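What follows is one structure encoded as structure tokens, with my remarks underneath.
Lettering of chains follows the sequences in order, A, B, ..., and the numbering in each one begins at 1. Quick caveat, the model's predicted, so the values are computed rather than measured.
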Amino acid sequence: MNYWLMKSEPDEASILDLQRAGTLPWTGVRNYQARNFMRDAMRIGDGVLFYHSSCPQPGIAGLAEVASAAYPDATQFDPANPYHDPKSDPASPRWLHVDVRWRETTRLLSLKELRGAPELATLRVLEKGSRLSITPVTSDEWRAVLARLHAASAAG
DNA sequence: GCCAACGTTGGC
DNA sequence: GCCAACGTTGGC
């Protein structure tokens with residue numbers, strides 16, 4: 001079992017959108033490292049920290065899980081799609097994605113709170129200049145996030 | 001294979 | 001809107 005943090009802009013797909021849909025295809029990844037995580041390391045059932053980025057309140061907004069193996073991202077072949085990639089060969093698709101299933105909508109664990117939590121200081125997403133939309137999370141980090149989210153008080 | 005230019009990300 | 005940081009591109 002592996003764990004991941006996956007960024008999404010809530011304008012495009014928020015945790016509530018995922019809750020309503022149940023399962024969503026995680027399309028639009030156009031970064032090789034992120035693609036390789038999905039292709040090579042993700043397994044069905046892996047835990048996902050759902051992170052809202054590029055928004056007024058960035059932070060972890062819920063929990064999800066990997067719901068499929070990686071498969072070709074259809075948006076890369078659609079000229080009308082913002083994620084269209086004219087260089088991708090349909091015979092050998094460059095971009096893949098997994099499906100993600102909603103598990104829980106939590107309180108917002110803000111970026112500010114993440115930065116202030118000593119037990120979460122190792123989170124990749126907190127590294128200076130970190131831009132990867134998908135990053136691995138250790139089991140210790142996963143447990144520490146859940147402990148915070150499920151604590152009786154939302155303070156901190 | 002180098003590396004400067006360029007485009008994107010994402011918090012503020 | 002700003003801008004630091006980063007990844008990709010393409011000329012050489």
Q. Of the residues in residues 53-64 of chain A, which ones touch DNA chain B at a heavy-atom distance under 4.0 Å?
A. A/Ser53, A/Ser54, A/Pro58

Q: May I ask you to list the residues of residues 24-31 of chain A, by number, that have any heavy atom positioned under 4.0 Å from an atom of DNA chain B?
A: none

Provide the closest heavy-atom pair for [X] versus [Y] in the form atom of the first, atom of the second, distance.
X	Y	answer
A/Arg35	A/Val29	N-CG1, 4.0 Å
A/Arg103	A/Gly47	NH2-CA, 4.1 Å
A/Arg107	A/Arg148	NH2-O, 3.5 Å

Q. Is there a donor-acceptor pair closer than 3.5 Å between any side-chain N or O of A/Asp17 and the backbone N or O of A/Ser14?
A. yes

Q.
For A/Phe50 and A/Trp26, take the angle between the two ring planes, folded into 0 to 90°, and tell me which bin it lands in: parallel under 30, tilted 30 to 60, perpendicular over 60.
A. perpendicular

Q. Mind checking what makes side chain to side chain contact (heavy atoms under 4.5 Å, CB included) contact with A/Arg131, not counting sequence neighbours?
A. none

Q. Are A/Asp46 and A/Arg43 close enough for a salt bridge, meaning some N to O gap below 4.0 Å?
A. no

Q: Take A/Asp85 and A/Arg94, measure what salt bridge (charged side-chain N to carboxylate O under 4.0 Å, His left out) needs, and give me the verdict at the end.
A: CA-CA 9 Å; A/Asp85 182 355; A/Arg94 179 181 295 193; 3.5 Å; yes

Q) Using the C1' atoms of five pairs at each end, what's the angle between the two axes of the helix from B/dG1-C/dC12 to B/dC12-C/dG1, to 10 degrees? A) 10°

Q: Examine the side chains of A/Asp73 and A/Thr75 and answer whether a donor and an acceptor come within less than 3.5 Å of each other.
A: yes

Q) In terms of side-chain heavy atoms, does A/Asp78 have a donor or acceptor partner in A/Tyr83 at a distance below 3.5 Å? A) no

Q: Sort out for me which residue in A/Leu111, A/Leu5, A/Ile15, A/Leu108 forms a side-chain contact (heavy atoms from CB on, under 4.5 Å) with A/Ile60.
A: A/Leu5

Could you list the protein-to-nucleotides 2-5 of chain C atom pairs, N/O on both sides, closer than 3.5 Å?
{"unit_1": "C/dA5", "atom_1": "OP1", "unit_2": "A/Lys128", "atom_2": "NZ", "d": "3.0"}
{"unit_1": "C/dA5", "atom_1": "N3", "unit_2": "A/Arg131", "atom_2": "NH1", "d": "3.2"}

Q.
Is the distance from the ring center of A/Trp95 to that of A/Tyr32 below 6.0 Å?
A. yes

Q. Is it true that A/His84 and A/Phe77 have ring centroids separated by less than 6.0 Å?
A. no

(Q) Can you tell me if A/Glu119 has over 12 outside heavy atoms packed within less than 6.0 Å of its CD? (A) yes

Q) Tell me, do A/Val145 and A/Tyr3 make a side-chain contact under 4.5 Å, heavy atoms counted? A) no

Q: Nearest whole angstrom, please: distance from the C1' of C/dC6 to the CZ of A/Arg124.
A: 14 Å

Mind listing the N/O atom pairs, protein and nucleotides 9-12 of chain C, below 3.5 Å?
none

